Amino acid sequence: MTEELSLEQARDEAEGLTTRILELRAAYYDRDAQVASDEEYDALVLRLEELERLFPELQSQDSPTQTVGGGVSELFDPVVHAEAMLSLDNVFSEEEFLDWATKVERDSGRKVAFLCELKIDGLAINLRYERGLLVSAATRGNGQVGDDVTANIRYVPGILERLEGEGHPEIVEIRGEIFLAKAAFERLNEGLAGFRERYVARAEERAAAKGRPFDREKSEDAAKRRFPALANPRNAASGGLRQQIEKKDDELDREAGLARLESLSLYVHGIGAWPDPPVAAQSEVYGLISGWGLPTSPYFRVEPDAGAAAEFIRTYGGEQRHSVEHEIDGVVVKVDELALHEELGATSRAPRWATAYKYPPEQVNTKLLDIVVSVGRTGRATPFAIMEKVRVAGSEVRQATLHNQDVVKVKGVLIGDTVVLRKAGDVIPEVLGPVAELRDGSEREFVMPTDCPECGTPLRPMKEGDIDLRCPNAQSCPAQVRGRVEHIGSRGGLDIEGLGEVGAAALTQPEVPEVPPLMTEARLFELTAEELLEIEVIVRDAETGLEKEDEDGVVRRRMPFQKVRLEYAPEAVDLTAAERRKQGFRKDFRVVEPSAQLVKLLAELEKAKTKDLWRQLVSLNIRHVGPVASRALAQYFGSLEAIRAATRDELAAVDGVGGIIADALIEWFAVDWHQEIVERWTAAGVRFAIPGHPGPGAAAAAGGVLAGLTVVATGSLEGYTREGAQEAIIAAGGKAASSVSKKTDFVAWGPGAGSKLAKAEALGLRLIEAAEFRILVEQGPDALPPLPEPEPEPDGEPAEEA
DNA sequence: CACCCTCGAGTTCA
DNA sequence: CTCGAGGGTG
């Protein structure tokens, strides 16, 4: 998909396609002569799907791609709506919205008030009442004809068989939205887990009764297929309403089906054709409907002008979006005055007096192309999803972790599935689950490999009962060595420039046969320019993946002191590790364009030899020994030799170190190849000591202006790097904590501060900014300007002022 | 036995 | 930056 397409072009094309598809469908349902071949129809739908993948914001619930199996399903009787359920035109930005509002005001020739309401991400429904009695409930379908779901709808709370109150017309179509509230969605998913358990228990009983053997695993799989976890509220609502509830004779099936229906909610938001309404404004219609006993949304407001309406849109697009009980995909803005509806009229597909402001989707559908397994520095084998690139919550996502094989199973995703993707906490991509309705049978199950994908060693759990599988070949598994070397070079470790992801891969990847790679990190500090100069990689064409050749033959470039740009190579994904290496791919990347920088890396390595002891300790990659424990140990013992010589009790005596960490240290030092690392690093000149340290047990002279105080820094503090701020706190004798708790004394914050600042505010902690932070670490807390007396009264927080 | 904290892993962005 | 796991501390 290399086409360049603007959003506008795509939208125009999608609208054309939508119209054409709906026409064809209508023709089909009117039993008209076939106006197009099935292939032509399919091609239209395919193209629309492709556009919606490229531009998820074009996707809407009334899109023909969202109605399964070509719109109105054969499983349900068709219902012809008395009045067509029009869709709404969409706007995607404040600018577009204001343009629309301006036009409406101009066409109206007077001041217009707008009714704003949250657009629920659910299913549109049309309820037909005759003489106050519910006669049918239908989905929107194609706008003209929908699916009859009357049998199901009766179980949805809030639906009335008979309208209450007075004054309803003889025949009335009431439009609303069926949805699953977020909390109900959570509860329903928990409930489904219960059904799975009951299903398995029943299968076991039945097997026992018949004296047949019982295969628990198989039964659990069957339970998962029968009562699958639900991916997201919208799909769950849609699936729930489209059950064949009356045909379910199995007790569990029926019960689960009812639970799904009873979890749904309804809000009504309009009335179909109604020639002489007794009210003058749309907002009053809601009062009327409420009077008949049907639920209306509490999230609506009449705004006096377009500016106020835009404010409403902004409010619910931001912070408030998550505080609403249900998912929101936008705001519907209607002209409030009913008389104007007539005047403004409608186009063939949408009224002119209303528009839908669409928020950027937080959840999108995308294709799960593959599930591959990677091994990290600790040897843990982690499956992750490779998806068709898709934009979600403001960035493009292609990968998401699936943690382990159990999570893959629980989520129920198959390779080839269309999956629902979101960003948890707006940052971390997460696969929620499959859209099972869109399966075509070509999907296949993910099988967790039994062997390490990089070194072939059989994977196994570390301890009995562990879900995580690990590669036990810690010493020489390329993935683990690479990971450890990268960790050594990282900022939290020895902070070596040039030894990041690429550098580590280049040094450890045993892909050039004539040069021995770093088989473990033991040789890291013995590297010489001569040796490094030998390492070469084959340059490949980014398009074809073929080896590049010049007049001397295959082009080879030197590594790793040559800067390399890596590019994602999807074609490498299906290869085994050995094949990948042979073909010159690094993991799933290919080398695109090398260029020079060696001396720098060697100089950096040289510098690292005399860096702080705690950094060197971190670089040994000992379980549970991160920067904090390392600092404590380094400060207390003063040298690696002293730590190595210490007993378990002596180690555990250090503040912040307990039995487990002590054990981890002792076990680490007992391993031969670990000792070799220490020996060779020492021989190469790594200092492993704090110069002038008096020796073990000499507790750090507790001093400094911040003694006994805990400070957390968050966001960017002017004049400090993230690291620098921590150093400053520690240098002043304070504790630099990584998370905010009520034991925190000060929270220094700057631009970009996130949840930590929010938490600090909630806890009522003392907040300081960069300038005050400087005073704090240089002169101590007493030098800070006094806190203004907190007003005992109104309106909470004092405004923060610079 | 509660907290509260750190570790470790994963991800994408500027 | 966030989460879960599992550590340490009071």
Side-chain angles (χ1 to χ4, degrees), chain A residues 371-387 389-404 406-407 410 421-431 461-463 465-471 479-480 482-484 486-488 490-493 500-501 568 587-588 614 617-633 651-665 710-716 722 726 735-745 749 751-760 763 765:
Chain A
I371 297 178
V372 296
V373 173
S374 72
V375 172
R377 86 181 149 103
T378 63
R380 204 173 91 174
T382 311
F384 61 97
I386 297 190
M387 290 157 294
K389 192 149 128 188
V390 72
R391 199 171 183 80
V392 52
S395 62
E396 303 219 305
V397 175
R398 175 165 43 212
Q399 296 188 6
T401 179
L402 292 166
H403 301 104
N404 58 49
D406 272 28
V407 172
V410 168
L421 179 75
R422 73 157 174 187
K423 286 224 229 139
D426 261 11
V427 184
I428 311 293
E430 181 188 6
V431 173
M462 274 285 259
K463 326 190 282 278
D466 250 8
I467 293 159
D468 291 342
L469 295 179
R470 287 172 189 274
C471 167
Q480 295 186 58
R482 192 195 320 125
R484 290 200 299 268
E486 194 184 331
H487 184 241
I488 290 168
S490 72
R491 251 208 288 275
E501 187 184 355
Y568 179 66
K587 250 180 112 186
D588 305 329
W614 71 266
L617 199 46
V618 167
S619 300
L620 294 177
N621 285 292
I622 303 170
R623 278 276 265 171
H624 307 132
V625 182
V628 176
S630 288
R631 280 194 144 104
L633 287 161
L651 291 167
V654 177
D655 192 24
V657 178
I660 308 284
I661 293 184
D663 286 341
L665 283 158
T710 300
V711 185
V712 172
T714 179
S716 54
R722 192 178 294 279
Q726 302 216 329
K735 198 169 159 200
S738 59
S739 57
V740 173
S741 71
K742 62 181 177 218
K743 288 213 281 192
T744 309
D745 296 292
W749 67 281
S755 62
K756 287 183 207 175
L757 178 60
K759 187 167 180 198
L763 288 169
L765 301 177

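Chain A is the first sequence line, chain B the second, and so forth, proteins listed ahead of strands; every chain is numbered from 1. This one's a predicted model, so the numbers in the text were calculated from it and none came from an experiment.
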> Do A/Leu651 and A/Asp663 touch side chain to side chain, with heavy atoms closer than 4.5 Å?
no
> Any side-chain heavy atom of A/His487 sitting closer than 4.5 Å to one from A/Val618?
yes
> For A/Thr382, which residues count as a side chain to side chain donor-acceptor pair (under 3.5 Å) partner, sequence neighbours excluded?
none
> Going by side chain to side chain contact (heavy atoms under 4.5 Å, CB included), A/Val375 matches just one of A/Arg380, A/Gln480, A/Arg470. Which one?
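That would be A/Gln480.
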> In Å and rounded to the nearest 0.5 Å, what is the CG to CD distance from A/Leu421 to A/Glu430?
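Answer for the CG-CD pair, A/Leu421 versus A/Glu430, is 9.0 Å.
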> Between C/dG4 atom P and A/Glu430 atom CD, what is the distance in whole Å?
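Those two atoms, CD and P, are 10 Å apart.
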> Sugar-phosphate atoms are those with a prime plus P, OP1 and OP2; base atoms are the rest. Using that split, label each nucleotide of nucleotides 4-10 of chain B B, S or - for protein heavy atoms under 4.0 Å, 5' to 3'.
SSBSSSB
